[in-house]
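To keep things clear, I will list the structure first and then write my remarks on it.
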Amino acid sequence: MREYIGVDLGTSAVKLVLMREDGAVLKTVSREYPLSFPKPGWAEQNPEDWYAAACDGIRELTAAPENAGEIRGLSFGGQMHGLVILDENDRVIRPAILWNDGRTGEETDYLNHVIGEDKLAAYTNNIAFAGFTAPKILWLKKHEPEHFARIRKMMLPKDYLAYRLTGSFVTDVSDASGMLLLDVAHRTWSKEMCDICGISEDILPALHESYEKIGEILPEQAQALGLPAHVIVAAGAGDNAAAAVGTGTVGEGKCNISLGTSGTVFISSDTFRPVANHAVHFFDHADGHYHLMGCMLSAASCNKWWMDEIIGTKDYAAEQAKIGKLGENHVFFLPYLMGERSPHNNPKARGAFVGMTMDTTRADMTQAVLEGVIFGLRDSIEIARKLGISIQSTRICGGGAKSPLWRQMTADIIGIPVEVLTTEEGPGLGGAMLAAVADGVYGSVQKAADRIVRVKETLLPDPELTSRYDEKYRVFDQIYPALKPVYDLL
């Protein structure tokens, strides 16, 4: 049978998935690489480390006994927003500036308040966030002009791997959507944004759909990696879009919630929808359509902070077992431990407990943390609902989704069924699926998802609890606006 490799280029490691054409995951491998913080709030990596780690992982997959078929294709899911720049000799000019790098506060403010959010929205359908690529370009232009002047190619992290493996200088529209350089509605580079950033379009990669073939592994690379000749490569997708493919979140109104270190609400849309106030992102999707995405900077990490640093325990299940009054808690928690992205776009926001009294217990506060994260995710769900997107159910993934209580709480607070998948391999599986589509095994991303992704359990909301949580959510919704002036003082 034909086999496909999916490469999930993450922030701390690359994870590779070997998938059979019917969707069976034969083997996974991972390789870590360093992450540097040259100054407080900065985050950088050496693209060569990504490439070396990915190649080492591919060699392990090709040598695996599980590799009984013929590897026919490869594709990617990659950390988004990172700035990779090459000179005229295709050498990396400086370490990549990553998605979680916080140096671009001034540039982000300039884009939003001097250029103006209305103009940015007209050019890209989004506004500037500190993690996006365009503010990084402006920072580089101002602070490292000698490096800026040498740029001949500019790309995103996963696209560096594609370039080294195939020689094709390309990106896909889902990943490019997070650069603040793409006209999302028309799936083309924005000339206006290029002018604002002081770059020419010819240093940007050619645009493709995520499932399109962009080339083949170069012969010398294939031989070194143990791959057969003529292994095709698909453009791939940004990590969230690739993960959405891997969870079958394609088609109108399909939703996936990720309870990882950060939290994500990903909602696919068949049609283009301008988003008022831009509290969430609206990007191109890997299936050829669009998606709405809300991103919380702290999700499962809130629970980890509460358990590890405040309570001082690693027995998360035991603490959750003490929770017994769902829908009745009088304590609220704002999950903004690292500021917030969606829907508030406020790096000054901070976590807070509100409503404690003399009878508040440790279990009440643990419950408030869990509920506060889901209330925060519901903010993005409510924006989608106001846009007219009908969300009938959601899939769930991420480390926090391993908690049965948290999964059920998600169903009750949002008021829709929550589906747990048989296989969760994140962006790596999505990348392998995109390669299978590019190779013609499936006629579309939708057909691949229908065939490969399976639900093993569906959690239904309790109508009585949902009614209670609706009331609690209306209170939660008032707390951030009340505290915002305080955040500005802090």
Side-chain angles (χ1 to χ4, degrees), residues 80 117 121 124-127 129 173-174 177-178 184-185 237-245 247-260 262-297 299 335 340-346 371-398 401 407 409-419 445-446 449 458-461 466 469-470 472-474 476-477 480-481:
M80 297 178 69
E117 293 183 356
T124 71
N125 199 51
N126 291 281
I127 61 172
F129 289 78
V173 291
S174 77
S177 295
V184 170
D239 51 7
N240 287 299
V245 172
T247 59
T249 310
V250 294
E252 177 66 24
K254 291 291 184 69
C255 180
N256 181 62
I257 288 175
S258 175
L259 283 175
S262 58
T264 303
V265 174
F266 188 108
I267 304 167
S268 59
S269 174
D270 285 345
T271 57
F272 179 79
R273 290 175 165 95
V275 179
N277 77 22
H278 306 284
V280 295
H281 311 314
F282 199 88
F283 290 167
D284 292 323
H285 192 4
D287 65 352
H289 298 292
Y290 305 93
H291 73 267
L292 178 149
M293 186 172 70
C295 180
M296 293 174 57
L297 296 181
E340 192 52 299
R341 192 153 151 182
S342 302
H344 305 305
N345 194 15
N346 185 359
E371 291 172 338
V373 171
I374 307 304
F375 283 145
L377 291 168
R378 179 169 166 173
D379 282 341
S380 294
I381 295 282
E382 293 301 323
I383 292 169
R385 286 169 170 163
K386 290 175 182 176
L387 288 172
I389 300 175
S390 177
I391 304 165
Q392 300 300 316
S393 64
T394 185
R395 288 165 180 183
I396 195 166
C397 63
R407 292 198 301 258
M409 195 177 279
T410 303
D412 294 332
I413 289 176
I414 297 177
I416 55 177
V418 169
E419 298 173 340
V445 176
Q446 180 74 67
T458 300
L459 305 173
L460 299 177
T466 296
Y469 274 127
D470 283 345
K472 296 293 182 183
Y473 176 72
R474 284 193 285 271
F476 174 88
D477 193 42
Y480 170 80

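Residue numbers start at 1 and run along the sequence shown.
In this structure, Pro335 and Gly372 approach most closely via the heavy-atom pair CG-O, 3.5 Å. Nearest approach of Gly294 to Val280, heavy atoms of both residues: CA-CG1, 4.0 Å. Across Phe283 and Gly178, no two heavy atoms sit closer than the pair CZ-CA, 3.8 Å. Nearest heavy atom pair, residue Ala237 against residue Ala286, reads CB-CB, 3.9 Å. Heavy-atom minimum distance, Ile267 versus Ala384: CD1-CB, 3.4 Å.
In terms of the salt bridge (charged side-chain N to carboxylate O under 4.0 Å, His left out) criterion, residue partners of Asp470 (sequence neighbours excluded) are, by chain and number, Arg378. In this view, Arg341 satisfies the salt bridge (charged side-chain N to carboxylate O under 4.0 Å, His left out) rule with no residue, not counting sequence neighbours. Evaluation of the salt bridge (charged side-chain N to carboxylate O under 4.0 Å, His left out) rule for Asp284 yields Arg187 as partners, not counting sequence neighbours.
Inter-residue side-chain proximity for Ile413 and Leu377 is flagged as unmet; no heavy-atom pair is nearer than 4.5 Å. Residues Met296 and Asp379 fail the side-chain proximity criterion, which asks for heavy atoms closer than 4.5 Å. Side-chain contact between Thr394 and Ile414 is absent, with no heavy atoms from C-beta onward closer than 4.5 Å. The shortest distance between side-chain heavy atoms of Tyr469 and Pro461 does not fall below 4.5 Å. Contact annotation: the side chain of Leu297 approaches that of Glu340 to within less than 4.5 Å [non-hydrogen atoms, C-beta and beyond].
Rounding to the nearest 0.5 Å places OG of Ser393 at 10.5 Å from CG of Leu460. With rounding to the nearest 0.5 angstrom, the OG atom of Ser177 is 11.0 Å from the NE2 atom of His285. The distance from atom CD1 of Ile416 to atom CD1 of Ile257, rounded to the nearest 0.5 Å, is 6.0 Å. With rounding to the nearest 0.5 Å, the separation of NZ in Lys472 from CG in Asp477 is 15.0 Å. To the nearest 0.5 Å, atoms CE (Met80) and OG (Ser174) are separated by 6.0 Å.
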* Asked: Can you check side-chain contact (heavy atoms from CB on, under 4.5 Å) on Asp287 and Gln446, steps first, answer last?
  -> CA-CA 7 Å; Asp287 65 352; Gln446 180 74 67; 5.6 Å; no

* **Residues Arg273, Ile389; criterion side-chain contact (heavy atoms from CB on, under 4.5 Å); working and verdict** => CA-CA 10 Å; Arg273 290 175 165 95; Ile389 300 175; 3.6 Å; yes

* To do: Decide yes or no on side-chain contact (heavy atoms from CB on, under 4.5 Å) for Glu382 and Tyr473, but give the supporting numbers first.
  => CA-CA 11 Å; Glu382 293 301 323; Tyr473 176 72; 3.7 Å; yes

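Without hydrogens or angle criteria, Glu252 side chain to Asp270 main chain gives a donor-acceptor distance under 3.5 Å. For the pair Asn126 (side chain) and Phe282 (backbone), a donor-acceptor distance under 3.5 Å is present. A donor-acceptor pair is defined here as one N or O able to donate and one able to accept, closer than 3.5 Å; such a pair exists between the side chain of Thr466 and the backbone of Asp412. A donor-acceptor contact shorter than 3.5 Å links the side chain of Arg407 to the backbone of Ala401.
Remark: of the listed residues Leu292, Ile396, Val418, Ile381, Ile381 is the sole one forming a side chain to side chain contact (heavy atoms under 4.5 Å, CB included) with Cys255. For the pairing with Asn256, the side chain to side chain contact (heavy atoms under 4.5 Å, CB included) check across Val250, Asn240, Thr247 returns one residue only, Thr247.
Using modelled atom types, one finds a donor on one side chain and an acceptor on the other under 3.5 Å when comparing Tyr480 with Asn346.
Between His291 and Phe266, the ring-plane angle classifies as parallel under the 30° and 60° cut-offs. In this pair, Phe129 and His281 present their aromatic rings perpendicular. The plane angle is above 60°, beyond the 30 to 60° band.
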